[in-house]
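The structure appears right after this line, and notes come after that.
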2 protein chains.
Amino acid sequence: MVRLYKLLPDGRRQIVGFALAGDFLGLALLDRYGVSADTVTDAKVCRFDRRVFTGYMDGRPHLLRRLHELTSHELSLAQEQMVVLGRRSAEERLAVFLMSLLKRFTRLGQGSITLPLPMSRQDIADFLGLTIETVSRTFTKLAKNRTIIVVPDGVRLVDRARLEALAAG
Amino acid sequence: MVRLYKLLPDGRRQIVGFALAGDFLGLALLDRYGVSADTVTDAKVCRFDRRVFTGYMDGRPHLLRRLHELTSHELSLAQEQMVVLGRRSAEERLAVFLMSLLKRFTRLGQGSITLPLPMSRQDIADFLGLTIETVSRTFTKLAKNRTIIVVPDGVRLVDRARLEALAAG
DNA sequence: CGTGCGTTTGAGCTAATTCAATAGGAGTGG
DNA sequence: CCACTCCTATTGAATTAGCTCAAACGCACG
């Protein structure tokens, strides 16, 4: 797993996404793409030289179309995250986060009772626009609810319906 | 000017962007693109049938490349806005908003002493993840600072350096 | 000259933050 | 195997930025 983030000069960090196996990073092909990345877990990364890559795509319009699809999808996710960051409560943010991670893992065939959370609380906080303490308290609250069970490096989604409802807003 | 937004079931709204003259809407070409739009000021809009448009692009890879560029740029803006929504104070949000609008108007050759703000305070609030009252108070604060002067339907950016500094974080 | 709507201002509240202390492992060395 | 350290996470207490509710303002329009 890879975290993608942007930093402000004073050190504030916003994680703009987590990349899982098979995800394409740096979709934009912009001259300067202002997002940093580092690994959360060990990861195999395949790097392309931009010139070579764009050269390769010339004459292969289907590839470019695919790249555009991926970028569009990413844009759509980013806009969804804008709603999360701009308009949702801490509890809702966490619910959205857990459900969307669950869906992504499930798509990768890694669906399981326990949702792995390899990233730190700080990472989650920086993704959701919260502090580490608020993330921790919100986990505790959901656990007291019997909505989730917090386990080492993950959570069990006990009451998925309740999480869905929270995530729906 | 057009506002682009997403709604939650309970009516909370997040404006994901404002489109100005020449901007391309619905870049994604996804089956369902979950963003609504309406006009802030009168606007001429050119609509393309998606089938026709994608058909037209086949065999014109430069067009697709251009579309991808635009989408990438939009993604980049969305990620920047995620930083704004996730990590910045009300004052910083407003500064970023004003400076980026200024730059866009300037690019369109509409640079002027007064920055027009045709959208309502509610629109600004829903774009910046704030309430209308906080937006209003922050305008007042910047005005007392002599950073801006609030005028009908706009602001004069008196101390642009200070705004830049705020926007830089 | 009202009436209506968007904006500003005021006062009090609260969700989330900040600051501080404690707890829980994982890894290390005796 | 235990003691110790380090680091992350949790919990607690106090603070605050921004929100909510409410009132006043100001202007366009009939």
Side-chain angles (χ1 to χ4, degrees), chain A residues 1 3 8 10-15 38 40-41 84-98 115-145 147-156 166 169, chain B residues 1 3 8 10-15 38 40-41 84-98 115-145 147-156 166 169:
Chain A
M1 179 180 283
R3 78 189 139 234
L8 291 177
D10 65 1
R12 280 175 287 177
R13 182 178 67 155
Q14 178 66 42
I15 291 184
D38 44 45
V40 173
T41 60
V84 170
L85 295 171
R87 287 292 173 233
R88 296 177 148 254
S89 70
E91 200 178 20
E92 289 174 335
R93 290 180 204 208
L94 203 55
V96 170
F97 173 66
L98 294 177
L115 178 69
L117 295 176
M119 74 292 285
S120 70
R121 292 288 187 263
Q122 187 63 64
D123 288 339
I124 298 174
D126 286 348
F127 182 57
L128 298 180
L130 300 170
T131 60
I132 185 175
E133 294 94 333
T134 299
V135 169
S136 184
R137 280 187 244 274
T138 307
F139 270 120
T140 303
K141 182 176 172 188
L142 290 175
K144 283 186 178 152
N145 274 348
T147 306
I148 62 173
I149 296 173
V150 180
V151 298
D153 301 316
V155 288
R156 287 181 186 206
L166 278 171
Chain B
M1 179 180 285
R3 78 190 140 232
L8 292 176
D10 65 1
R12 281 175 286 177
R13 182 179 66 155
Q14 178 65 44
I15 291 184
D38 44 43
V40 174
T41 60
V84 170
L85 294 172
R87 286 293 174 230
R88 294 175 152 261
S89 70
E91 199 178 19
E92 290 174 336
R93 290 179 204 208
L94 202 55
V96 170
F97 173 65
L98 294 177
L115 178 69
L117 295 175
M119 73 291 287
S120 70
R121 292 288 187 262
Q122 187 64 62
D123 287 338
I124 298 174
D126 286 347
F127 182 57
L128 298 180
L130 301 170
T131 59
I132 186 176
E133 294 95 333
T134 298
V135 170
S136 183
R137 280 187 243 274
T138 307
F139 270 120
T140 303
K141 182 176 170 188
L142 290 174
K144 283 186 178 152
N145 275 349
T147 307
I148 63 173
I149 296 173
V150 179
V151 299
D153 301 314
V155 287
R156 289 183 184 204
L166 278 171

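Small disclaimer: the values here were computed from a predicted structure and weren't measured.
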Quickly work out the [X] [atom1] to [N] [atom2] distance and round it to whole Å.
X	N	atom1	atom2	result
A:L142	D:dA9	CG	P	17 Å
B:L94	C:dT7	CG	C1'	14 Å
B:R88	C:dT17	CZ	P	17 Å
A:K141	C:dT14	NZ	P	14 Å
B:E133	D:dC21	CD	P	10 Å
A:D123	D:dA9	CG	P	9 Å
A:L85	D:dG18	CG	P	15 Å
B:L130	C:dT8	CG	C1'	16 Å

For this session: Let me know, please, whether A:A90 or B:F139 comes out on the 5' side of the other along DNA chain C by nearest nucleotide.
Result: B:F139
Just compare [options] and give me whichever is closest to any side-chain atom of [X].
X	options	answer
B:R121	D:dG18, C:dT8, D:dG12	C:dT8
B:T140	C:dA16, D:dT20, C:dT8	C:dT8
A:R137	D:dT20, D:dG18, D:dA13	D:dA13
A:I132	D:dG18, C:dT8, D:dA9	D:dA9

Problem set entry | Which residue lies more 5' along DNA chain D, comparing B:R93 with A:K144 via nearest heavy atoms |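 Here A:K144 is the residue nearer the 5' end.
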For this session: Drop me the distance from B:T138's OG1 to B:E91's CD, to the nearest 0.5 angstrom.
Result: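 B:T138 OG1 to B:E91 CD: 7.0 Å, rounded to 0.5 Å.
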For this session: Answer yes or no: does a side-chain N or O of A:T134 lie under 4.0 Å from OP1 or OP2 of C:dA16?
Result: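 No, no such contact exists.
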Exercise. For the base of D:dC7, is there a side-chain donor-acceptor partner from A:Q122 under 3.5 Å away?
Worked result: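 Under the 3.5 Å cut-off, the side chain and the base do not form any donor-acceptor pair.
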For this session: Answer with base, sugar-phosphate or nothing: what part of the nucleic acid does A:S136 contact at a heavy-atom distance below 4.0 Å?
Result: base
Exercise. Within the side chain of B:R88, is there an N or O that forms a donor-acceptor pair under 3.5 Å with the backbone of B:R93?
Worked result: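 Not at all, since once roles are kept as given, no pair shorter than 3.5 Å links the two residues.
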Exercise. Which heavy-atom pair separates A:L128 from A:F97 by the least distance, and what is that distance?
Worked result: CD2-CB, 3.9 Å
Exercise. Mind checking whether A:L166 and A:L142 have side chains closer than 4.5 Å, heavy atoms only?
Worked result: yes
For this session: Using the test salt bridge (charged side-chain N to carboxylate O under 4.0 Å, His left out), find all partners of A:R3 that sit at least two apart in sequence or belong to another chain.
Result: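 Testing A:R3 for salt bridge (charged side-chain N to carboxylate O under 4.0 Å, His left out), a comparison that skips the adjacent residues, returns A:D38, A:D123.
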